[in-house]
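For reference, the structure is listed below as C-alpha cells.
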Amino acid sequence: MTKVVIVWFRDDLRLQDHPALYHGFFHAQKNGYQILPIYIYEGGMGEAARWWLHQSLAVLNDAIEGYLHTYQGDPVTIMTDLTTRFDVQKVVWNRRYTPQGHQIDDQVMAFLKNQNITYETYPGTVLIEPDRILKSDGSYYRVFTPFYKSSYLGKDFEPPLPSPFLNTKPSTKLFSTDLSSQNIDVLPSHPWHQKLHNYWIPGEQGAHEQWHTFLKHGLNGYKDGRNVPALPHVSKLSPYLRFGNISPRIVWSSLQNSDAPLADVNHFKSELGWREFSIYLLYHYPDLPNMNFNRSFDHFPWSFNEELYIAWTKGKTGVPIVDAGMRELWETGYMHNRLRMIVGSFLVKNLGIHWMHGRDFFDDCLLDADAANNNAGWQWIAGSGADAAPYFRIFNPLLQSDKFDPHGMYIKKFVPELQNASLNFLMDPYGYIGPAIYPRPIVDLSKSRAAALQAYKTLSSKEN
DNA sequence: TGTCGTTTAGA
DNA sequence: CTAAACGAC
C-alpha cells in the first residue's frame with residue numbers, strides 16, 4: 001500500500017498560509033510519502049453557503065490538478081475506511097473551534113490514537129486561538145474592547161506561509177486513485193444560486209483579487225465609508241474568510257504594509273477583531289446558538305407572526321431601507337453590515353420576533369453564514385449578546401436611511417419597484433404616497449418601538 | 001455600533 | 001430659530 005500523509009481540508013480551502021498543508025507537505029517530502037488531500041462534507045450548511053463550498057472545492061481541486069478527494073458523512077467512518085485502503089503515516093489539519101467541530105475532531109483523534117497513527121494539528125483559521133486569551137482572573141472576556149486591546153491592538157503576527165507548491169508541480173507530490181473519491185453533492189437543488197455567479201468568484205484566487213481591489217480602492221476612507229452601503233468601502237471578504245479561501249494572517253499582514261490612513265487601517269483590523277471575538281465567544285460559550293448570552297432575556301415575551309416574518313424575509317415590509325437590505329441578500333447572497341443591523345433591529349424590535357428566526361434565515365441565505373459570526377451578530381442586535389447594545393438602543397430605519405443612504409441610491413439599486421419613487425417617500429413611507437405596487441408599511445414604527453421598550457421593562461422588573 | 005425630548009449656546 | 005449637547009430609556 002502507498003504510504004500517505006492525509007491533509008484534511010476543512011474551513012481552509014486554500015494553498016497559501018495553510019499550516020497543515022505546509023508542514024504535511026515537508027513531512028511527506030522528507031520521508032518519501034505521497035500526500036492525500038481530502039475534504040469531508042459533514043452537512044449542516046445553508047443553501048447559499050453550499051454553493052460557495054461547491055465552488056471553492058472545485059477551485060482548490062483545479063489548483064492541485066484534480067487530486068482532491070472528497071467525501072460525505074461522518075469523519076470517523078471515513079477515516080476508518082481510508083486507513084484500510086492506504087498506509088496512512090500521518091494525518092494533519094488546521095484546528096476549528098465550534099462545539100460540533102471540536103467534538104468530531106476529538107473523536108477522530110481518539111480513533112487515530114487507537115490505530116497508532118500520528119496526527120498533527122495547527123492554528124490556521126484565526127490570528128489567535130480562543131483558549132490563548134483570558135482575563136487575569138482566568139475567565140474569558142465578555143466585552144469586545146478590552147478583548148481586542150489585550151491581544152490585537154498594535155500587535156503583529158507571524159508572516160503567512162507560502163503555498164508549498166510554489167516550486168513544485170502538485171501532481172508529483174499528491175496521491176490519487178479513482179476508487180477513493182466520492183462525488184459529493186453539496187450544490188443546492190434550486191436555481192437561485194445561479195445568479196450568484198454574477199457577483200462572486202469563490203476560491204483562493206478570487207479572494208486575493210477581491211482583497212487587492214479593496215486595498216487599492218476601498219480601504220482609503222473605510223472608517224466612514226463602511227457605513228454607507230451605496231459606496232464600495234466594504235471588503236466583501238466575509239465568505240472568503242468563512243471558507244478560508246484567504247487567511248486572516250494574510251489579510252492582517254497586508255494591512256501592516258498598507259499606506260492607507262492609519263484610522264482606516266486600524267478600523268479594518270478591528271473588524272477582523274470582531275470576527276475573532278465571535279469565534280472566541282462561541283468557543284467559551286458553546287450554547288451561543290441555543291441560549292441567550294444574557295440569560296435574563298429567557299423570559300422575553302417574543303411573538304411570532306408568520307405573515308410579518310414572511311414579509312420580512314421577502315423584503316416586502318413596506319419600509320424601503322429594510323426591504324433593500326433583504327433584497328440585497330436574495331440577489332447577491334450577501335448583505336452590507338449596516339443593513340444587517342437595520343433589518344435585524346427591525347425584525348427583533350419592531351416585529352417582536354425572536355432573533356433565532358432571523359439567525360435561521362441568514363444561515364440559509366448568506367454565503368458567509370457561520371455559526372460564530374451569525375449567532376454573535378443576532379444576539380448583539382437583539383440585546384441579549386455579549387457587549388450588546390442595551391435593548392432600548394432601537395434603530396429607527398428611517399433615520400438610518402436618511403443618515404446612511406441619503407440619496408436612496410442603495411434602496412433604488414435593490415428595490416426595482418422604487419426606481420421612480422420620490423426621495424421623500426424613500427425616507428418616509430408613512431408620510432408620503434409611494435408606487436401602488438409597493439406595500440404599505442406592515443408595522444407602525446413608533447408604536448412597535450414603544451411596545452418593545454415596554455416588554456423590556458417588564459423583563460428587567462422581573463429580574464429584581 | 002441609537003433615539004428622542006429637552007436644554008442651551010449662539011446667530 | 002437652529003444646531004449642538006445632554007441625559008434618560
Side-chain angles (χ1 to χ4, degrees), chain A residues 141-149 152-153 221-231 233-235 238 263-264 266-278 280-281 293-294 296-297 300-301 319 321-322 325 335-352 355 358-359 362 368 372-406 410 427-431 441 443-464:
Chain A
Y141 286 96
R142 287 167 173 74
V143 181
F144 173 74
T145 306
F147 164 84
Y148 187 75
K149 268 190 183 163
Y152 294 88
L153 188 68
Y222 174 74
K223 190 176 187 294
D224 297 318
R226 67 184 291 279
N227 280 312
V228 181
L231 298 179
H233 285 292
V234 283
S235 71
S238 52
D264 295 323
N266 286 339
H267 203 98
F268 195 93
K269 284 181 177 177
S270 79
E271 295 303 321
L272 280 181
W274 276 99
R275 173 179 178 272
E276 303 257 329
F277 187 52
S278 300
Y280 175 89
L281 279 179
F293 187 77
N294 174 353
S296 71
F297 272 77
F300 193 86
V319 181
I321 192 74
V322 172
M335 198 193 299
H336 188 281
N337 177 257
R338 170 65 38 189
L339 273 297
R340 297 189 196 202
M341 297 193 282
I342 295 172
V343 305
S345 174
F346 186 81
L347 181 76
V348 169
K349 315 230 168 145
N350 296 108
L351 301 183
W355 60 265
R359 184 270 318 274
F362 272 25
D368 60 38
N373 279 296
N374 202 18
N375 284 292
W378 275 97
Q379 293 229 36
W380 186 90
I381 199 68
S384 66
D387 203 2
Y391 188 79
F392 46 73
R393 193 177 288 168
I394 298 168
F395 282 58
N396 179 335
L398 306 185
L399 285 185
Q400 291 282 319
S401 195
D402 199 47
K403 228 188 246 181
F404 299 114
D405 191 31
Y410 174 78
M427 298 298 136
D428 183 8
Y430 295 85
V443 69
D444 182 297
L445 286 183
S446 54
K447 274 189 197 152
S448 56
R449 176 179 195 275
L453 283 171
Q454 190 58 36
Y456 178 66
K457 221 184 222 171
T458 61
L459 193 73
S460 29
S461 61
K462 256 183 214 157
E463 279 305 287
N464 302 329

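All of these numbers come straight from a predicted model, not from anything done at the bench. Naming convention: chains lettered A, B, ... in sequence-line order (proteins, then strands); numbering from 1 in each chain.
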Sort me out a list of protein N/O and nucleotides 4-6 of chain B N/O pairs below 3.5 Å, or just none if empty.
unit_1: B:dC4; atom_1: OP1; unit_2: A:N396; atom_2: ND2; d: 3.1

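- In summary, the side chains of A:R359 and A:N375 do present a donor paired with an acceptor at a separation below 3.5 Å, with no hydrogens or angles considered.
- Contacts of A:Y152 classified as ring pair (Phe, Tyr, Trp, His ring centres under 6.0 Å), with partners at least two apart in sequence or in another chain: A:F147, A:Y148.
- The CD1-P distance, from A:I321 to B:dG2, rounds to 15 Å in whole Å.
- In terms of phosphate contacts, A:K349 brings no side-chain nitrogen or oxygen within less than 4.0 Å of OP1 or OP2 of B:dT3.
- A:L272 meets the side-chain contact (heavy atoms from CB on, under 4.5 Å) test with A:L241, A:V251, A:W252, A:L255, A:F268; sequence neighbours excluded.
- In this structure, the CG atom of A:L453 is 11 Å from the P atom of C:dC9, given to the nearest Å.
- Looking at residues two or more places apart in sequence or on another chain, you find a side-chain contact (heavy atoms from CB on, under 4.5 Å) between A:N266 and A:L262, A:K269.
- Look at CZ on A:F395: it is 6 Å from P on B:dT3, rounded to the nearest Å.
- Side-chain nitrogen and oxygen atoms of A:Q400 include at least one within less than 4.0 Å of the OP1 or OP2 phosphate oxygen of B:dT3.
- Taking A:R338 as the reference, nothing meets the salt bridge (Lys or Arg N to Asp or Glu O under 4.0 Å) condition, with sequence neighbours excluded.
- Computed from coordinates, the A:R338 CZ to B:dG2 P distance equals 7 Å when rounded to whole Å.
- Residues forming a side-chain contact (heavy atoms from CB on, under 4.5 Å) with A:A230 (at least two apart in sequence, or on another chain): A:D405, A:M409, A:Y410.
- Taking atom CG on A:D402 and atom P on B:dG2, their separation rounds to 15 Å, with Å as the unit.
- Between the P atom of B:dT3 and the CE atom of A:M341 lies a distance of 10 Å, rounded to the nearest Å.
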